[in-house]
Amino acid sequence: MKKIQMVDLQTQYQKIKPEVDQVIFEVIHSTKFIRGPQVKQFEEELANYLNVKHVVACGNGTDALQISLMALDLQPGDEVITADFTFAATVEVIKLLKGKPVLVDVLPDTFNIDPEAVEKAITPRTKAIIPVHLFGQSADMDEIMRIARKYNLAVIEDNAQAIGSDFRFADGTVKKTGTIGTIGTTSFFPSKNLGAYGDGGAIFTDDDRLAHRLRGIVNHGMYKRYYYDEVGVNSRLDTIQAAILRVKLPHLDAYNEARRRAADVYDELFAGCEQVITPYRDPRSKHVFHQYTLKIKNGKRDALADYLKAEGIPFGIYYPVPLHRQKAYADENFRDENFPVTNRLTEEVISLPMHTELDREQQEFIVGKVKNFLRGKV
Ligand SMILES: *Cc1c(COP(=O)(O)O)cnc(C)c1O
């Protein structure tokens, strides 16, 4: 059996090695390491894939969120509503810009932001909502867009974990995640569904004016060479990363299919296992399984984690601490009792190895171990 890894980037690379090696070599030979032609080409190809008007590449997924908030003119004290159960980047950038993160609870089945909680959290200072399409599945964009229209709020979709996913609205329209809100963002961190070989990120929008702002902000707030109209940042996608991403983008749908197939195999192998709840799939969204996350219902998640560790089986706990309890983001308005779902999830979730190269033999081995533990056979 091939060695089990949480993410197997090496085997994936071997399958596209000649092409990847060649494009890296080309960039080195061109010496256009910064703002080389591959960056613009990749932006256009990604815009085409997503069916969105503008893609602005940047340095990473965290910058993508920060730059989006800057383009929306977030002012100190402005409130931004986002989920308590997610990666910290969102809250971090709101704080950095002196905005006020308003955390709300998530739904227990999809792990995604609870629209009812969003609507309750709106105040006259609310500026934007940031839904995160967690683990590869869309948040309830029907409800979130309805709320955003009703209160005239911007929506930034954090699509770092769900690139290639989509959402079907009640009227039958289907849109790719990241292209539904005012702005969408993503990350090309190597382990993401579309991963570079280093850091990278991108921002999407259909709005010409916003796209212009975004392009200026990523480049020091410079709209005309050496004229600075506003304070910006330096956040670029390296030419080498763009060249690699151009090789990988045509494989994205196949990569996501491979993840979905691996998820199907896990679901099948866990069928009938009562202490385990396999990931819910919202029929309105194509789940692209950035993570395959189980809920362990018998209070033994930590013991299971210890056992898997001892057995050499990789796993991840995303996320072990709700954001409202993090030291860096402490806020007197966060009340622990307002986050019952997140609090419970942080004690129940465990993510199993998930990547494009998993095979059935590995998955049978992993599930066999989990089941042994849950049956008390160890
Ligand atoms: C990975 C990730 C980010 C940040 O991306 P980086 O490229 O690592 O900065 C932001 N939000 C979510 C939900 C993520 O998973």
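Throughout, numbering of the chain's residues begins at 1 and tracks the sequence. Computed from a prediction, not measured in an experiment: that's the story for all the values here. When a ligand or atom number is given, it counts from 1 through the structure's own listing order.
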N/O contact list for ligand 1, threshold under 3.5 Å:
{"unit_1": "ligand 1", "atom_1": "5 (O)", "unit_2": "Ser187", "atom_2": "OG", "d": "3.3"}
{"unit_1": "ligand 1", "atom_1": "7 (O)", "unit_2": "Gly61", "atom_2": "N", "d": "2.8"}
{"unit_1": "ligand 1", "atom_1": "7 (O)", "unit_2": "Ser187", "atom_2": "OG", "d": "2.7"}
{"unit_1": "ligand 1", "atom_1": "9 (O)", "unit_2": "Asn60", "atom_2": "OD1", "d": "3.4"}
{"unit_1": "ligand 1", "atom_1": "9 (O)", "unit_2": "Gly61", "atom_2": "N", "d": "3.3"}
{"unit_1": "ligand 1", "atom_1": "9 (O)", "unit_2": "Thr62", "atom_2": "N", "d": "2.9"}
{"unit_1": "ligand 1", "atom_1": "9 (O)", "unit_2": "Thr62", "atom_2": "OG1", "d": "2.5"}
{"unit_1": "ligand 1", "atom_1": "11 (N)", "unit_2": "Asp158", "atom_2": "OD1", "d": "3.4"}
{"unit_1": "ligand 1", "atom_1": "11 (N)", "unit_2": "Asp158", "atom_2": "OD2", "d": "2.7"}
{"unit_1": "ligand 1", "atom_1": "15 (O)", "unit_2": "Gln161", "atom_2": "NE2", "d": "2.8"}
{"unit_1": "ligand 1", "atom_1": "15 (O)", "unit_2": "Lys192", "atom_2": "NZ", "d": "3.1"}

Can you list every pair that meets side chain to side chain donor-acceptor pair (under 3.5 Å) and has a residue in residues 286-297, with sequence neighbours left out?
Asn193-His290, Asp267-Tyr292, Thr293-Ser351, Lys297-Glu348
Counting N and O atoms only, with roles assigned by atom type, does the side chain of Asp105 sit under 3.5 Å from a partner on the main chain of Asp84, one being a donor and the other an acceptor?
no
Do Thr205 and Asp207 meet the criterion of a side-chain donor-acceptor pair at a distance under 3.5 Å?
no
Working note: Phe135 + Phe289, criterion ring pair (Phe, Tyr, Trp, His ring centres under 6.0 Å); need CA distance, chi angles, decisive distance, verdict.
CA-CA 6 Å; Phe135 302 152; Phe289 288 97; 9.9 Å; no
With Val367 via side-chain contact (heavy atoms from CB on, under 4.5 Å) - residues at least two apart
Tyr266, Leu269, Phe270, Lys371
For His251, what residues pass the side-chain contact (heavy atoms from CB on, under 4.5 Å) criterion, not counting sequence neighbours?
Ile16, Tyr255
